[in-house]
Amino acid sequence: MAGVYLFKVIVVGDAGVGKTSLTVRFAHGYFIENYKMTIGVDLATKHVDLGIGKPVKLQIWDTGGQERFRKLRPLYYKGAAGGLLVYDVTNKDSFKNLKSWFNEIQKYCGKIPLLLVGNKIDLANKSKVSVAEEKRLAEQLKIPCHRTSAKTGENVNDVFFKLAKFIYETSFGGY
Ligand code: G3D
Ligand code: MG
């Protein structure tokens, strides 16, 4: 089979939870220590092999400032095939805000594959959100949950890979 599947992926959550760090870690393989927030859309792309005969190209939309600049959001959400709903395990507010991010995604995108991601697990000793709380919310929203560290790279490839698989299974009825 020729060609590739192209999936637009959005990474959503409060400012500072690590959306850019996760994107850069996955797409480029390193952790950026001093990232300056810019306003505008940065597109990172990466191919993943799901063993389905064609590569899947993930186009990851990282919009610096979308947290604060509501006007950018419709463009940001348009055509998204799936997304990561990210919070910072050391920041309780970022966890509490997940529901409103979830509602906003549903408003613009309808029901698309999402994963709930608790980032910064390298700081687990400072965690403000228990695994049980996280699971409860994930069950309520009916989405799977995972924990990552953009800093160490733990689980980062895995969540993007799982999301790609989830999108593929949802769109094309599985393998
Ligand atoms: P955002 O894109 O969601 O706004 P960033 O978040 O990726 O810009 O990250 C915000 C801050 O959190 C950055 O620190 C970044 O280095 C840090 N960070 C991101 N992911 C992790 C992680 O997994 N572990 C740890 N310990 N820190 C992380 P600064 O200091 O630049 O604000
Ligand atoms: Mg960012």
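In listed order, ligands and their atoms are each counted from 1. These numbers come from the heavy atoms of this one structure, side chains and all, not from hydrogens, waters or symmetry mates.
- Checked against a 3.5 angstrom limit, the closest N/O atoms of L123 and ligand 1 fall outside it.
- At a heavy-atom cutoff of 4.0 Å, ligand 1 is contacted by the side chain of D122 but not by its backbone.
- For ligand 1, the atoms sitting less than 4.0 Å from at least one non-hydrogen atom of A150 are 20 (N), 22 (C), 23 (O), numbered in the order shown with element in parentheses.
- More than 12 heavy atoms of other residues, nucleotides or ligands lie within 6.0 Å of NZ in K92, so this atom counts as buried by the packing criterion.
- With a 4.0 Å heavy-atom cut-off, ligand 1 is reached by the side chain of N119 but not by its N, CA, C or O.
- Nearest to atom 6 (O) of ligand 1 by heavy-atom distance, out of G18, S21, S149, is G18.
- Contact atoms of ligand 1 toward A15: 4 (O) (distance under 4.0 Å to a heavy atom of the residue).
- Remark: K46 NZ is packed, more than 12 non-hydrogen atoms of other residues, nucleotides or ligands lying under 6.0 Å away.
- In terms of heavy-atom proximity, F160 sits nearest to L22 at CE1-O, 3.7 Å.
- Between G16 and ligand 1, at least one pair of N/O atoms sits closer than 3.5 Å.
- Not one N or O on the side chain of D88 forms a donor-acceptor pair closer than 3.5 Å with the backbone of K120.
- Remark: the backbone N or O of V129 is paired with a side-chain donor or acceptor of S127 at under 3.5 angstrom.
- Residues Y77 and K8 share a closest heavy-atom pair of C-NZ, 4.0 Å.
- For T20, the nearest N, O or S atom to the Mg ion (ligand 2) falls under 2.8 Å.
- By heavy-atom distance, the residue among K19, R25, K120, K151 lying nearest atom 28 (C) of ligand 1 is K120.
- K19 contributes a side-chain N or O that, together with a main-chain N or O of D14, makes up a donor-acceptor pair within less than 3.5 Å.
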